[in-house]
Amino acid sequence: MVQRIHGLVAALVCSLLLSTPAQAQAPAANPADVASADAIITALYDVISGPAGKARDWDRFRSLFVPGARLMPVARPQGGSTGVRMLTPEEYATNIGPRLEEMGFFETEIGRVSETFGAVTHMMSAYESRRTASEPTPSLGRGINSIQLLNDGTRWWVVSIFWDSERPGQPIPEKYLGAKG
């Protein structure tokens with residue numbers, strides 16, 4: 001009985017996915033950006049990074065995401081409880097993008113652990129962020145991006161990115177540093 005219910009749920013989810021083709025709703029992606037899990041992660045970090053005053057290619061950014069995707073930073077308001085901020089790729093580009101372009105922002109991957117099952121890949125991608133590419137230490141901090149990817153058989157899509165920052169008492173675990181894969 002349980003298997004039958006799981007099968008019905010899977011069929012319903014598949015029919016919903018197939019009824020709204022992702023390719024029709026996102027800007028056209030550069031095939032090289034979405035050819036592999038490694039390529040889409042490289043493109044993701046590349047497109048948000050750049051010196052102060054340099055416009056980012058927000059259409060390239062949008063092309064990486066499946067419609068309905070979310071970017072979710074952990075929020076820690078002063079005196080408040082830990083929560084999450086929910087953003088669409090468009091809201092990220094519109095609300096966060098201008099600050100990245102104004103101050104300069106370089107985010108690089110420093111390690112990764114990946115797991116894949118079928119069309120789903122989950123990556124714990126450790127990062128460090130700087131205002132300039134030449135800064136010797138990450139002036140904007142480090143953290144982990146929890147990235148969910150979908151391979152639809154044609155290309156890779158970012159489904160969600162949920163991230164938290166390293167801070168005193170919460171260092172990046174060693175298992176996420178250095179290794180990629």
Side-chain angles (χ1 to χ4, degrees), residues 26-27 29-30 32-34 36-66 69-115 121-149 156-181:
N30 175 341
D33 284 348
V34 297
S36 68
D38 285 338
I40 201 166
I41 298 303
T42 298
L44 187 62
Y45 281 110
D46 181 58
V47 75
I48 62 172
S49 297
K54 179 184 181 243
R56 306 306 193 267
D57 185 347
W58 294 113
D59 278 341
R60 180 184 182 206
F61 177 78
R62 290 178 195 96
S63 77
L64 303 176
F65 293 87
V66 69
R70 292 290 181 262
L71 293 100
M72 304 164 291
V74 169
R76 288 191 177 75
Q78 284 189 332
S81 61
T82 300
V84 64
R85 182 174 177 199
M86 305 289 281
L87 300 164
T88 65
E90 185 59 38
E91 289 168 334
Y92 184 92
T94 302
N95 299 330
I96 308 296
R99 284 192 294 168
L100 301 181
E101 294 174 358
E102 178 184 313
M103 70 179 191
F105 182 79
F106 290 84
E107 189 165 273
T108 55
E109 186 177 48
I110 57 173
R112 177 192 319 159
V113 173
S114 301
E115 294 182 349
T121 294
H122 176 244
M123 294 186 173
M124 294 290 278
S125 175
Y127 66 84
E128 53 188 28
S129 303
R130 295 170 165 74
R131 288 192 191 275
T132 68
S134 61
E135 286 179 338
T137 59
S139 60
L140 299 174
R142 302 179 345 152
I144 293 183
N145 289 316
S146 171
I147 304 169
Q148 289 68 51
L149 300 174
W156 288 84
W157 296 90
V158 176
V159 176
S160 66
I161 307 172
F162 184 36
W163 70 94
D164 199 359
S165 301
E166 184 177 56
R167 61 187 173 284
Q170 182 174 296
I172 295 174
E174 197 62 39
K175 70 180 181 180
Y176 299 118
L177 297 171
K180 291 189 184 177

Residue pair Glu107 / Ser129, side-chain donor-acceptor N/O under 3.5 Å: yes
ring-ring contact (aromatic ring centres under 6.0 Å, His included) partners of Tyr92, counting only residues at least two apart: Phe61
Test item: Leu71 and Pro89 side chains (from C-beta on) under 4.5 Å apart, heavy atoms: yes
Close side-chain approach of Ile48 to Arg56, heavy-atom, < 4.5 Å: no
Rounded distance (nearest 0.5 Å) linking atom CE of Met123 with atom OG of Ser146: 11.0 Å
Ser139 versus Arg131, closest heavy-atom pair with distance: OG-N, 3.4 Å
Atom pair CD (Glu109) and CG (Asp46), whose distance is rounded to the nearest 0.5 Å: 13.0 Å
Gap between atom CG of Leu177 and atom CD1 of Ile144 - 0.5 Å precision: 7.5 Å
Close side-chain approach of Phe106 to Leu140, heavy-atom, < 4.5 Å: no
Any side-chain heavy-atom pair of Gln148 and Thr121 under 4.5 Å: no
All salt bridge (charged side-chain N to carboxylate O under 4.0 Å, His left out) counterparts of Arg142, not counting sequence neighbours: Glu166
Salt bridge (charged side-chain N to carboxylate O under 4.0 Å, His left out) against Arg167, all qualifying residues, sequence neighbours excluded: Asp164
Intermediate values then yes/no, side-chain contact (heavy atoms from CB on, under 4.5 Å), Tyr176 and Ile110: CA-CA 8 Å; Tyr176 299 118; Ile110 57 173; over 6 Å; no
Distance-minimising heavy-atom pair for Trp58 and Glu101: NE1-OE2, 2.8 Å
Heavy-atom check, side chain of Ile147 versus side chain of Trp163, under 4.5 Å: no
The single option from Asp33, Ile161, Leu149, Asn145 passing side chain to side chain contact (heavy atoms under 4.5 Å, CB included) against Leu44: Ile161
